> 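This is the structure I want to talk about, given as structure tokens.
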Amino acid sequence: MDLCNYHSHCDFCDGKAPAEAFVKAAIAAGFHSYGISSHSPLPFRTSWSLDREDVPAYLKEVERLKKAYAHEIELYVGMEIDYLSDSWNPSIAYFQELPLDYRIGSVHFVENGKGEIMDMDGPFDEFRQNLQNLFKGDLKRLVEAYFEASMRMVEAGGFDFIAHADKIAMNASLVDNTITETPWYGEKIRDYFALIAEKGIMVEVNTKAYRRLGIMFPNRRYFKWLNDLGIRFLVNSDSHLPDLVNDGRALAFEWLREAGVKTTVHLHEGKWEEVPISI
Ligand SMILES: [Zn+2]
Ligand SMILES: [Zn+2]
């Protein structure tokens, strides 16, 4: 199994330990490479994203770790960059000019058409409340707005792969567990994946929620279809705890293989390379 991970957090954002603890855990797990990808700064403060003034220290710390562990593991510095709007997303000059090894495109916030935004990835109670307050309880409109934001992010580009592509399904399914079966949902997700394929962007299989919910993002039901579209995959743990750097990885590879996927992608000497899946 190819041992690496490029979606992970540390105490520069909402990760629960210093970056070095994740690096040590990755080395202990036998990883050949590892990328730290803190939540990008936003034009407002949150409890879980990097503050803009901390970005130089973040870059410097990963640089220090790269040198300190150069003989044991290839380290990379990335960022999980939020799409908020046309003026705040991975493609803007600020993010493009940062000396990052790679960029992740990610949608956590959904806008209701009146300039009000909600975090669709938070606790379910908050999600339900925001759905009422900001979307008048209209789940379809919220889900559509999520995929529309995701597609605008893909159109704008400026990143290597998409984080947890259909994460909205996590909370939305708790409101209506038939939502992903509806024809309009199917249509939205098909349009979204077709655009990803057209733009040549990679998709991660995000294993973070597997331990709690038994699912990965995107849902495994889409693996075959993404593969048929020629989309390349990575497997990432989105770890916030050092103990979880390798969590769910073996199963993700098994599911990918079952879906007919032959290769995944990893970084080697700074370049994305395809490697055959072997379990
Ligand atoms: Zn995320
Ligand atoms: Zn993340």
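Start at 1 and go down the list; that is how both ligands and their atoms are numbered. It should be emphasised that the depicted structure is a prediction, and the values quoted were computed from it without experimental measurement.
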> For residues 152-161, please give each side-chain donor-acceptor pair under 3.5 Å, one per line with the distance, not counting sequence neighbours.
from: R152; atom 1: NE; to: Y83; atom 2: OH; distance (Å): 3.1
from: D160; atom 1: OD1; to: R103; atom 2: N; distance (Å): 2.8
from: D160; atom 1: OD2; to: W272; atom 2: NE1; distance (Å): 2.9

> Regarding E72 and H32, do their side chains bring together a donor and an acceptor under 3.5 Å, going by distance alone?
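No - no donor-acceptor pair under 3.5 Å links their side chains.
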
> Examine the side chains of D119 and H108 and answer whether a donor and an acceptor come within less than 3.5 Å of each other.
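No pair is found: no donor N or O on one side chain lies under 3.5 Å from an acceptor on the other.
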
> Does a donor on one side chain and an acceptor on the other come within less than 3.5 Å for S106 and E80?
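Looking only at side-chain atoms, E80 and S106 do form a donor-acceptor pair, the distance falling under 3.5 Å.
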
> Are a donor atom and an acceptor atom from the side chains of H266 and E74 found within less than 3.5 Å of each other?
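Short answer, no.
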
> Return yes if a side-chain donor-acceptor contact under 3.5 Å exists between D14 and H240, otherwise no.
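Looking only at side-chain atoms, H240 and D14 do form a donor-acceptor pair, the distance falling under 3.5 Å.
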
> Which protein atoms of type N, O or S are found under 2.8 Å from the Zn ion (ligand 2)?
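Listed by chain and number, the atoms are H7 NE2, H9 NE2, E80 OE1, D238 OD1.
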
